There are 2 protein chains.
Amino acid sequence: MNLKQLAQMLALSQTTVSRALNGYPEVNEETRRRVMDAAKRHGYRPNPSARRLATGKSGMIGYVLPTGATVDIDPHFVEFLSGLGDYARSHELDLVLSPADADDQETTYRRIVANRQVDAVYISSPRPQDSRVSLVSTLGIPFLVHGRSEGFDFDYPYLDIDNEGAFHEAARLLVQLGHRRLALINGDDRETFAIHRERGVRRALAASGLTLGERHVCSVVMTEENGYRATRRLLEESDAPTAIACSSLIMALGVVRAVRDLGLTIPGDVSLIAHDDVFPWLKPENFSVPLSTTRSSIRLAGARVAERLAARISGLEEGARGEVWPVDLVVRGSVAGAPA
Amino acid sequence: MNLKQLAQMLALSQTTVSRALNGYPEVNEETRRRVMDAAKRHGYRPNPSARRLATGKSGMIGYVLPTGATVDIDPHFVEFLSGLGDYARSHELDLVLSPADADDQETTYRRIVANRQVDAVYISSPRPQDSRVSLVSTLGIPFLVHGRSEGFDFDYPYLDIDNEGAFHEAARLLVQLGHRRLALINGDDRETFAIHRERGVRRALAASGLTLGERHVCSVVMTEENGYRATRRLLEESDAPTAIACSSLIMALGVVRAVRDLGLTIPGDVSLIAHDDVFPWLKPENFSVPLSTTRSSIRLAGARVAERLAARISGLEEGARGEVWPVDLVVRGSVAGAPA
DNA sequence: AGAGTCTTCCAAAGCGCTTTGGCTTTTCCG
DNA sequence: CGGAAAAGCCAAAGCGCTTTGGAAGACTCT
């Protein structure tokens, strides 16, 4: 059942039927009702391909997925996706993932924009002066950055959590508990979130005249194994830290394992605070010693990103609105006063 | 730059240019070269919306993503996606995720098929007599099942791993080591993979005249917490098992924690074998006691699914071909002879 | 009553591609 | 050399929708 048939059936023109269906004003209310009614009764659904060709709108949001033999998709992604899906589901928005060589995403961005394959895109895990952000903003497609970039001479819309504030609070608590030597086991320090977290820790330390030793900050891909290695390295040195801030729960698994392997205890010998993105399958309260965390649901962020993208597509949201979510500091058993 | 302009520029008809580009035989080789050349030089890319409208092909593969407030996307999904992306990237295939209410996916399947939004779909985590499989096969769109369904009077194409064989081997090893009371901490037993794994364990036990006690098999969502709870329950009973087979590494984390909490050791008091889907961020060899596993890369499976879907789309693959991958049994420190 | 203004609808022109059916020209072969 | 077959190309008709530019009729106002 296509528009033509429906129009014929109603003895109306395609124009009128189309307008009635799309809520244009220049059609009699009764006619509209008749049309709506018939459409529903016959299960008419406009062909999206045709509509897309005519309007250039696709009803999808896009994401360029960096891939490659050496590239692993972050497990956080799936939680983010859940959130995106939560919103998208109720709005018949689809998500198209365009896999791209991680080293050449530009081609793919250009392709999906030129082809009008999607109405909007989002960008995740941005870095300072991230080329994707400048690219996409010149390409002129609605977009939203999940996280923040930096160092541009223009503004852009984003949704981020207060990483600096979170780690500032975490570090401040540790300092208040008497810790003098903190360490930070961070994610890839080319990404903005990691930079912000480090900044937060440094700021908290500085406030008490302390510093973050050069060798007390690690920047690694966030795997259990890397958490383990970093911790071993940290704790086997002479000026071993007495407290660790850690950028992910998965790494924290490794931290806990390393501490135990060294015959040390949490929080007796070392206090630990990690960032928790709220996974349903791994909870900080269930660690052998319940883990203190800075908590922010990445799933909720996903839903919000979808919501804002939808708003931008329909013109309800405009401009370079930045949105920063506060982060909860949840104190559990993994922190204690510094050992004597 | 569109077809019309390109044709004009070459003083050829759109027909000829289109045919030259799409490899039809009825065009002179030299003409074809000229066309190809000009197309490349001017960066001509056929508009996918138009092509789609004309042909009904979209160049995308689809996945209906079950969502809902109580639905969590499995973290395995992201690894599978990595694999899918690995293949899709080099073939300019995009993946479209259509979020759907987990309790009503049919509507969404019908929509994406009716709308010809995608050229093929895949189905994951199937259950016996999974309604999605029968639906999709009547809808007549190319598809592939990742995993297996059962109990149909028709065949369908799938890619699965030998879950039964894997857990058979694992259980057999444990029995050979003298274990008489095994337990299985399994995933959702409405899903086929879980059923197959249980079957494998039972078969191995039966071969030695043993059985899997009713209360020695748990079926739970695969989270760390559930692994922990299941293990506590198992080990606190009078006829506690001396060996555990576990369906996921994440649950195994909980198993390990529970064993430790109870003051027991692996493998001294209890042997453990888990299934490893090969995550880059959590490796069995890095468990406090290196974990024996049945191993099968879900990422490779993703790539293969993409490959086969592409083949089905282009008509290179047909029929209900089932493909079952063998699973490696990797023995590490977490298994030992049964305690006396 | 006549001019102007709404209201309501329509025919037709795209959107950019593929494909059908046909028309020339060339090639082949007895 | 003549006729058939093959090769190479084209005009035009879709695909199913949106949107432009009217047009006809109803209504208002002076």
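Just so it is clear: chains get the letters A, B, ... in the order the sequence lines come, proteins before strands, and each one is counted from 1. This is a predicted model, so every value here is computed, not measured.
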CZ (A:Arg111) with more than 12 external heavy atoms under 6.0 Å: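 Result for CZ/A:Arg111: enclosed.
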Residues, nucleotides or ligands: over 12 heavy atoms within 6.0 Å of B:Arg116 CZ: no
To the nearest Å, give me how far apart [atom1] ([X]) and [atom2] ([N]) are.
X       : N      : atom1 : atom2 : answer
A:Gln14 : D:dT20 : CD    : P     : 16 Å
A:Leu3  : C:dA12 : CG    : C1'   : 14 Å
A:Arg51 : D:dG16 : CZ    : C1'   : 11 Å
A:Asn22 : D:dC17 : CG    : P     : 10 Å
B:Lys4  : C:dC17 : NZ    : P     : 11 Å
A:Leu21 : D:dT18 : CG    : C1'   : 12 Å
B:Glu30 : C:dT26 : CD    : C1'   : 15 Å
A:Glu26 : D:dG21 : CD    : C1'   : 12 Å

Base of C:dT19, side chain of B:Thr15 - is there a donor-acceptor contact under 3.5 Å? yes
May I ask you to decide if the ring planes of A:Tyr63 and A:Phe77 are parallel, tilted or perpendicular, using 30° and 60° as cut-offs?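 Ring orientation, 0 to 90° scale: parallel.
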May I ask you to decide if the ring planes of B:Tyr156 and B:Phe154 are parallel, tilted or perpendicular, using 30° and 60° as cut-offs? perpendicular
Classify [X] by what it touches in the nucleic acid, base, sugar-phosphate, or nothing, heavy-atom distance under 4.0 Å.
X       : value
A:Ala11 : sugar-phosphate
B:Thr55 : sugar-phosphate
A:Thr31 : sugar-phosphate

The answer to which of A:Ala54 and B:Ser13 contacts DNA chain D further toward the 5' end, by nearest nucleotide, is B:Ser13
Heavy-atom nearest nucleotide on DNA chain D for B:Val17 versus B:Ala50: which residue maps closer to 5'?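 First, find each residue's nearest nucleotide; the 5'-ward one identifies B:Val17.
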Ion pair present between B:Arg34 and B:Glu30, side-chain N to carboxylate O less than 4.0 angstrom? no
Which nucleotide in C:dG16, D:dT20, C:dT18 has an atom nearest any side-chain atom of B:Ser18: C:dT18
Among C:dC17, C:dT20, D:dG16, find the nucleotide with the atom closest to the side chain of B:Arg19.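 Shortest atom-to-atom distance from the side chain points to C:dT20.
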Under 4.0 Å between a side-chain N/O of [X] and OP1 or OP2 of [N], yes or no?
X       : N      : value
A:Thr16 : C:dC10 : yes
B:Asn2  : C:dC15 : no
B:Asn28 : D:dG8  : yes
A:Tyr24 : C:dT7  : no

